[in-house]
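Accompanying notes for the structure given below.
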Number of protein chains: 2
Amino acid sequence: MARVGIRDVAALAGVAVGTVSHYLNHPDRVSHEKALRIRSAIDTLGFVPSSAGRQLRLGISTVVGYLAPDVSNPYFAEIAESIERRASELGMSVLLANSHRDREREDHYLQMFEEYRVRGLIVSSHQAIEERLAGVRQRGTPSVLVGQAARSPEQVSVSLDDVDGGRQVVQHLLDLGHRRIAFIGGPLAIPQVADRLAGASAAIESWGTASLEVIAQADRTIAGGRDVGRILAARPADVRPEAVFAANDLLALGIMHEFVAAGLRIPQDIAVAGYDDIEFAASSLISLTSVQGRHAGYGFAVVDMLTEVMAGHPIAEAHRVFTPELVVRESTVGRG
Amino acid sequence: MARVGIRDVAALAGVAVGTVSHYLNHPDRVSHEKALRIRSAIDTLGFVPSSAGRQLRLGISTVVGYLAPDVSNPYFAEIAESIERRASELGMSVLLANSHRDREREDHYLQMFEEYRVRGLIVSSHQAIEERLAGVRQRGTPSVLVGQAARSPEQVSVSLDDVDGGRQVVQHLLDLGHRRIAFIGGPLAIPQVADRLAGASAAIESWGTASLEVIAQADRTIAGGRDVGRILAARPADVRPEAVFAANDLLALGIMHEFVAAGLRIPQDIAVAGYDDIEFAASSLISLTSVQGRHAGYGFAVVDMLTEVMAGHPIAEAHRVFTPELVVRESTVGRG
DNA sequence: CAATCTCTTTGAGACGTTTCAATTTGGGAT
DNA sequence: ATCCCAAATTGAAACGTCTCAAAGAGATTG
């Protein structure tokens with residue numbers, strides 16, 4: 001099953017290889033008659049041009065890579081989808097790689113994308129990855145960092161003001177009258193988590209009479225949330241927080257599940273707020289108060305910045321920071 | 001920023017290009033001293049081998065593609081993840097493409113994977129895609145169809161017995177005493193949907209005294225479920241189904257949300273069952289009865305079958321069909 | 001000391017494509 | 001009949017890599 005190449009097509013159609021290539025890339029330069037012969041040769045042979053050959057010659061591709069920590073978190077899946085949609089409008093294809101939050105795999109896929117000479121890279125990560133991306137960029141592959149603001153002016157990024165988001169959530173809980181508040185999340189080495197906590201702390205401090213308990217839970221998944229939820233639900237009411245703020249929606253959903261299973265009423269007995277505003281937050285049976293980041297423009301902004309930077313244009317605003325928006329739902333204010 | 005190639009490395013290290021290539025691929029064949037020089041040259045130059053060059057020479061790659069209809073459906077995200085995990089154990093990389101249920105985009109990515117000469121393809125699709133895959137296979141790219149059983153003996157597939165799954169769900173609802181049952185889903189052109197309905201119908205018929213109302217909803221998402229849920233909740237109780245069986249969990253979750261919002265009690269007023277058993281089904285505040293397909297081995301089976309077929313081995317069992325398992329939860333039997 | 005043998009190193013050639021400069025063709029103007 | 005021009009076609013060269021056959025350099029053996 002020897003792969004069929006452009007030469008075979010040319011031979012069968014009785015034309016030169018250059019003509020076949022022209023047919024493929026500049027159809028207007030080839031006569032109708034030969035076009036037909038070539039088309040039929042391609043069909044009978046089942047010719048599929050080799051991207052390796054083309055790329056070798058051209059030196060570039062039309063593919064961009066999206067490296068996500070965890071596609072099974074709907075948050076990233078939703079970002080992936082909006083990126084994909086925008087990219088396809090611009091005639092580009094998106095290849096998705098799932099690092100599974102693993103540093104090594106992240107590195108591996110980054111390397112692979114480089115070897116593939118993707119045109120550009122979109123990277124969501126919980127790691128300190130900026131230095132690595134600087135290397136990649138220097139070697140010719142530009143990238144947009146998504147989800148954490150870059151430090152370096154060279155590294156383009158699109159992110160959310162997580163400090164402000166955390167502040168908004170806790171401010172909201174304080175406004176509702178809660179004073180014993182818990183923050184669930186970790187590890188603090190992750191910028192996104194640290195920022196959300198920082199905002200939460202700031203709100204607490206400026207209020208004065210409230211307290212913030214920090215409960216470490218590095219496993220920011222539904223399962224992780226359930227673990228925490230079980231523990232909290234088991235506490236006697238007077239030492240149980242009046243409200244919990246989870247570092248992301250998955251945690252919050254897991255926590256809520258255990259609260260409800262334990263017979264606690266949300267939000268009367270305990271209020272819950274999440275972060276990211278994934279679709280499942282809005283659709284939970286007790287809809288979840290959360291922080292909406294990527295309003296419509298997020299995926300677009302990412303891809304558009306990437307195209308700018310791929311084109312070599314200087315970026316006016318290298319670090320685009322969106323302001324998050326608190327979405328208040330039943331899990332904090334009850335059925336409206 | 002001219003790309004640095006293997007020649008540049010060779011020049012800087014003062015060796016022949018062949019030696020550099022050996023260093024990369026057969027490190028044991030090159031002396032320690034030159035290995036060091038080459039390593040340092042690679043580092044200072046920031047050399048990253050071009051996969052295009054390599055692939056052109058070798059004709060094969062170590063990448064497999066996974067084409068999913070919709071990564072933002074956790075069902076596919078979970079499959080993607082298990083595939084990725086297994087593939088990486090076997091030293092392969094997975095590239096994910098999201099067709100967004102769009103026939104055209106599906107075609108586009110399939111073509112792209114072919115041009116990239118991926119080693120093999122894993123395809124989840126709601127379309128009749130077998131013929132297309134036959135073409136792809138004939139041209140040298142093997143594939144495993146996931147989620148629908150293939151018709152052709154040449155097309156390897158891993159799937160679930162959806163007829164049996166549908167039957168189990170409805171049998172369960174009948175056993176609980178429900179007689180007016182509704183099936184939500186569509187379009188019937190989709191094999192998975194049609195099979196689930198077929199199983200449901202079979203169970204109803206063999207029972208005799210029960211009725212099955214089919215409510216078409218092609219948008220099998222949470223939003224789609226909410227639309228249906230609103231309509232059903234608005235019906236007077238005597239024409240409202242006693243139980244609904246949704247073609248997938250997203251639909252079911254959306255439906256439940258509206259039922260609860262309308263004040264209906266689940267399962268006392270109306271029972272709900274879904275299909276796929278995504279994590280959010282188990283974690284819903286009223287946990288959702290669903291059908292578990294891909295128990296542990298699913299992703300493994302897929303990748304292992306793909307490696308077999310990539311190796312050119314004949315497959316003993318070309319169409320592997322897993323038997324689904326009903327997972328009974330609160331949405332049908334109430335709090336246990 | 002010659003003859004082998006092993007371990008390294010070398011450079012050419014091929015993979016499939018696109019582009020570019022050069023050539024052919026056909027038709028209209030002179 | 002000749003010339004010219006545009007349009008269509010051609011073939012060679014180059015992209016970056018790996019492998020293969022061959023050669024070089026020591027080391028070991030007879």
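Hydrogens, waters and symmetry mates are skipped; everything else that's a heavy atom, side chains included, is used. Quick note on labels: first sequence line is chain A, next is B, and so on, each numbered from 1.
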Where the side chain of [X] meets the backbone of [Y], is there a donor-acceptor pair that is under 3.5 Å apart?
| X | Y | result |
| --- | --- | --- |
| B:Glu84 | A:Ala97 | no |
| A:Thr62 | A:Gly91 | yes |
| A:Ser157 | A:Ala150 | yes |

For [X], report the nucleic acid contact type (base, sugar-phosphate, nothing); a contact means any heavy atom under 4.0 Å.
| X | result |
| --- | --- |
| A:Gly59 | nothing |
| A:Ser21 | base |
| A:Tyr23 | nothing |

Counterpart residues, side-chain hydrogen bond (donor to acceptor under 3.5 Å, both in side chains), relative to B:His32 (two or more places apart): none
I'd like a list of close polar pairs between nucleotides 11-15 of chain D and the protein, N/O only, cut-off under 3.5 Å.
from   : atom 1 : to      : atom 2 : distance (Å)
D:dC15 : O2     : A:Arg57 : N      : 3.4

B:His126-B:Arg101 side chain donor-acceptor pair, cut-off 3.5 Å: no
Taking [atom1] from [X] and [atom2] from [N], how many angstroms apart are they, rounded to a whole number?
| X | N | atom1 | atom2 | answer |
| --- | --- | --- | --- | --- |
| B:Gln55 | D:dT17 | CD | C1' | 11 Å |
| B:Arg54 | C:dG16 | CZ | P | 17 Å |
| B:Arg117 | C:dG16 | CZ | P | 8 Å |
| A:Ile60 | C:dT17 | CD1 | P | 17 Å |
| A:Glu114 | D:dG16 | CD | P | 16 Å |
| B:Glu115 | C:dG16 | CD | P | 15 Å |
| B:Asp28 | C:dC7 | CG | P | 11 Å |

A:His26 side chain near C:dT19 phosphate (N/O to OP1/OP2, under 4.0 Å): yes
Phosphate contact (D:dA8 OP1 or OP2) by A:Arg29 side-chain N/O below 4.0 Å: no
Heavy-atom side-chain contact between A:Ile129 and A:Leu145 under 4.5 Å: yes
Criterion side chain to side chain contact (heavy atoms under 4.5 Å, CB included) against B:Ile83, the qualifying member of B:Leu96, B:Val144, B:Val302: B:Val302
Contact residues, residues 30-46 of chain A to DNA chain D [heavy atom, < 4.0 Å]: A:Val30, A:Ser31, A:Lys34
Residue pairs passing the side chain to side chain donor-acceptor pair (under 3.5 Å) test where at least one lies in residues 5-17 of chain A, sequence neighbours excluded: none
Listed once per pair and sorted, the side chain to side chain donor-acceptor pair (under 3.5 Å) pairs that draw on residues 113-124 of chain A, sequence neighbours left out: A:Tyr66-A:Ser124, A:Gln111-A:Glu115, A:Glu114-A:Arg139
Geometric class of the A:His22/A:His26 ring pair [parallel <30°, tilted 30-60°, perpendicular >60°]: perpendicular
Flag if over 12 foreign heavy atoms under 6.0 Å of CZ, B:Arg151: no
Heavy-atom neighbours of A:Glu89 CD exceed 12 at 6.0 Å: yes
Degree of bending in the helix from C:dC1-D:dG30 to C:dT30-D:dA1 once both end axes are built from five pairs, to 10°: 50°
Nearest-nucleotide 5' precedence on DNA chain C, A:Pro49 against B:Gly14: B:Gly14
